[in-house]
Amino acid sequence: GAPQAVRRSARGRERRRRRAAEAGQAAAMDRFVWTSGLLEINETLVIQQRGVRIYDGEEKIKFDAGTLLLSTHRLIWRDQKNHEYCMAIPLSQIVFIEEQAAGIGKSAKIVVHLHPAPANKEPGPFQSSKNSYIKLSFKEHGQIEFYRRLSEEMTQRRWENMPVSQSLQANRGPQPGRIRAVGIVGIERKLEEKRKETDKNISETTIKNHFSFQAFEDLSKLMVKAKEMVELSKSIANKIKDKQGDITEDETIRFKSYLLSMGIANPVTRETYGSGTQYHMQLAKQLVGILQAPLEERGGIMSLTEVYCLVNRARGMELLSPEDLVNACKMLEALKLPLRLRVFDSGVMVIELQSHKEEEMVASALETVSEKGSLTSEEFAKLVGMSVLLAKERLLLAEKMGHLCRDDSVEGLRFYPNLFMTQS
Amino acid sequence: MSKQLDMFKTNLEEFASKHKQEIRKNPEFRVQFQDMCATIGVDPLASGKGFWSEMLGVGDFYYELGVQIIEVCLALKHRNGGLITLEELHQQVLKGRGKFAQDVSQDDLIRAIKKLKALGTGFGIIPVGGTYLIQSVPAELNMDHTVVLQLAEKNGYVTVSDIKASLKWETERARQVLEHLLKEGLAWLDLQAPGEAHYWLPALFTDLYSQEITAEEAREALP
């Protein structure tokens, strides 16, 4: 029974430091064992923090950038660059912990004083070490919260009530000269399968195991605040409805942009943030610049899907959502821009140059079909150099206008000139 | 409202500074995050201009995925008529992303596809036997067609007798549905099968899963 509790008296700390130093000959870093980093069934993740460096006593060692995880049973460190470097130390090995405040050019630290390694310890990164303590340096902050949680775990000692299998924690880690030992792959695969199986019965507890508990907590708090925003927007929308006419155009526009920012559907019109925000107007104008040339290359017409891909590929980042694109396109006509949005009966949406007259294209389509006797959408598309989707729409439009008629069989949809019309 | 909005923006910025990585790297966390948003009535993917997109980067993640999905579906359309299993779509998208790209889950694909529906592309999600078929062309598929697709999922093909036995339909109804699938290019007719005609669904051929998209198919896909 070693003293485990965290105490605050300076004299007590000094005493324990000396005692730990005496007890540990091979100390500190050799306490670590290699691990796959996967948690056991009874083991729960408490908190994790990126950007942590480990010191062996006062010495910097090669583990300079890693994610530190605290579970109910262990302290786990995983290299950020090479996830295979993953090692752990059982919490039961910790004698006591203390904080070291940040200084100029120095990150805040937690000093962890350790028992000597047990004789039957699994392999780890160090065979021996002359220190009895390690330091965890929090280069990306998070020291305060981590210290608080670690203290809690040390007090509660939950690992004593929830045993985990020792052998499954073992891992020989990256071998010099080899990527992995074959045995490790087998063990890790089994652990991964086990984890996948647990995934199938996903419950709140299991989800918390798989990512930071802190993240989950923070997310829940954030959602509470977001819900307040939703409620607020509903009450404002009600005021707008009641005071029809008293609300200025400006205020309505501003309200719509708030909805846009929050991702809240417009409670008045039920469209997501409604069309007509400043953002969409600007976007519509930008689209003209981007699409003019591509449209001319493609015979004046493009499907909205093509436009979506083209615009987003060109942007690279800060991409448009499908709804952004649709809402911007809906404003093209109103803004008297040289492009327009058109929706075919089938639901297919296209952008056309204002100068493009699809009905006129139908005349030339009729010529092409007549020349060949009959054509399917695919054949027509290939001849004219259009996408099959738009080729089909053109032929359907021609049919609608009475110039073509169809032969719909299992061999496909084929279009013929409508002789009923031309030969009357 | 603008004061509250600014406050919320600050809260979100704080959350992003701590957990943005988590969202990008952890598919399960993404699911949690989006389910919670849906519960309170917020759509974080509605707009690239929304706070969520701007600060958490979720927008770019899903909108880019949308582009990749469109391209894969276009490239493979001539093989499967515009119907593809979620598994195959997932595999092909992962291949296209390369080994250094962020991992995407099937849940991610479904969410991206739901957003793509706004483009009027005819994207549909059809549940079959524990997974999903993704429709990427505006072919009209009603309940009858869907039910037959589900029936075909087991073996990759279906016959008129299968339909009559399982669904208790008249022959004529079964034949009409199968003819429609043939016309739309979603099914292939095999008259040389033992017994009666087999209607195969190329979308369900597991052999095709590992086949690479050819250069010509890729050219067809890009505008």
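To find a chain, count down the sequence lines: A is the first, B the second, and so on, and within it residues start at 1. Since the structure is predicted, the reported quantities are computational estimates derived from the model, not experimental observations.
Ranked by heavy-atom pairs under 4.5 Å with chain B, the list A:M349, A:K227, A:M262 is led by A:M262. No other option in A:M229, A:E231, A:H141, A:E297 has as many heavy-atom pairs under 4.5 Å with chain B as A:M229. Between chain B and the residues A:D408, A:V230, A:L283, A:V350, the largest count of heavy-atom pairs under 4.5 Å involves A:D408. With respect to chain A, the highest number of heavy-atom pairs below 4.5 Å among B:V67, B:I23, B:L45 belongs to B:V67. Taking B:Q4, B:H78, B:K18, B:E179 one by one and counting their heavy-atom pairs under 4.5 Å with chain A, the maximum is reached by B:Q4. With respect to chain B, the highest number of heavy-atom pairs below 4.5 Å among A:L389, A:V326, A:L232 belongs to A:L232. Per-residue counts of heavy-atom pairs under 4.5 Å with chain A were compared for B:K115, B:K49, B:E184, B:Q21; the largest is that of B:K49.
Contacts between A:D218 and chain B at a heavy-atom distance below 4.5 Å involve backbone atoms as well as side-chain atoms. Residue A:L219 touches chain B through both its backbone and its side chain, counting heavy-atom pairs closer than 4.5 Å. At a 4.5 Å heavy-atom cutoff, the contact between A:R50 and chain B is made by side-chain atoms alone. Only the side chain of A:I236 comes within contact range of chain B, with at least one heavy atom under 4.5 Å from a heavy atom of that chain. With a 4.5 angstrom heavy-atom cutoff, B:L12 touches chain A via backbone and side-chain atoms both. For chain B, the nearby parts of A:Y258 are the backbone and the side chain; heavy atoms of each come within less than 4.5 Å. Heavy atoms of A:V348 lying under 4.5 Å from chain B belong to its backbone as well as its side chain. For a residue to count as touching a neighbouring chain, one of its non-hydrogen atoms must lie under 4.5 Å from one of that chain's; by this rule B:K25 touches chain A with the side chain only. For A:S409, the part sitting under 4.5 Å from any heavy atom of chain B is the backbone (N, CA, C, O) and nothing else. Using a 4.5 Å cut-off between heavy atoms, B:P44 makes no contact with chain A at all. Both the backbone and the side chain of B:E64 have a heavy atom closer than 4.5 Å to some heavy atom of chain A. Looking at B:S2, both its backbone and its side chain come within 4.5 Å of chain A, counting heavy atoms on both sides.
Using a cut-off of 4.0 Å between Lys/Arg side-chain N and Asp/Glu carboxylate O, A:E378 and A:K392 are scored as not salt-bridged. Ion pairing between a basic and an acidic side chain is recognised when a charged N comes within 4.0 Å of a carboxylate O; A:R313 and B:E71 show such pairing.
In this structure, B:W200 and B:Y157 have tilted ring planes: the angle between them lies in the 30° to 60° band. Note: B:F29 and B:H19 have perpendicular aromatic rings, judged against thresholds of 30 and 60 degrees for the angle between ring planes.
The environment of B:K183 atom NZ is dense: over 12 non-hydrogen atoms of other residues, nucleotides or ligands sit within 6.0 angstrom. More than 12 heavy atoms of other shown residues, nucleotides or ligands fall within 6.0 angstrom of atom CD in A:Q292. Counting heavy atoms of neighbouring residues, nucleotides and ligands inside a 6.0 Å radius, atom OH of B:Y132 does not exceed 12 of them.
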Evaluate the criterion side-chain hydrogen bond (donor to acceptor under 3.5 Å, both in side chains) for residue pair A:S346 and A:E393; output intermediate values, then yes/no. CA-CA 8 Å; A:S346 61; A:E393 290 302 326; 2.6 Å; yes
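Judged by distance alone, the side chain of A:H280 and the main-chain N or O of A:L325 form no donor-acceptor pair under 3.5 Å.
At a cut-off of 3.5 Å, with distance as the only test, a side-chain donor of B:S161 or B:E196 sits close to an acceptor on the other residue.
Judged as a ring-ring contact (aromatic ring centres under 6.0 Å, His included), the pairs with a partner in residues 34-56 of chain B (not counting sequence neighbours) are, in order, B:F8-B:W52, B:F33-B:W52.
Both tests do not hold together for B:R24 against B:Y62: distance to the six-membered ring centre under 6.0 Å, angle to the ring axis within 45°.
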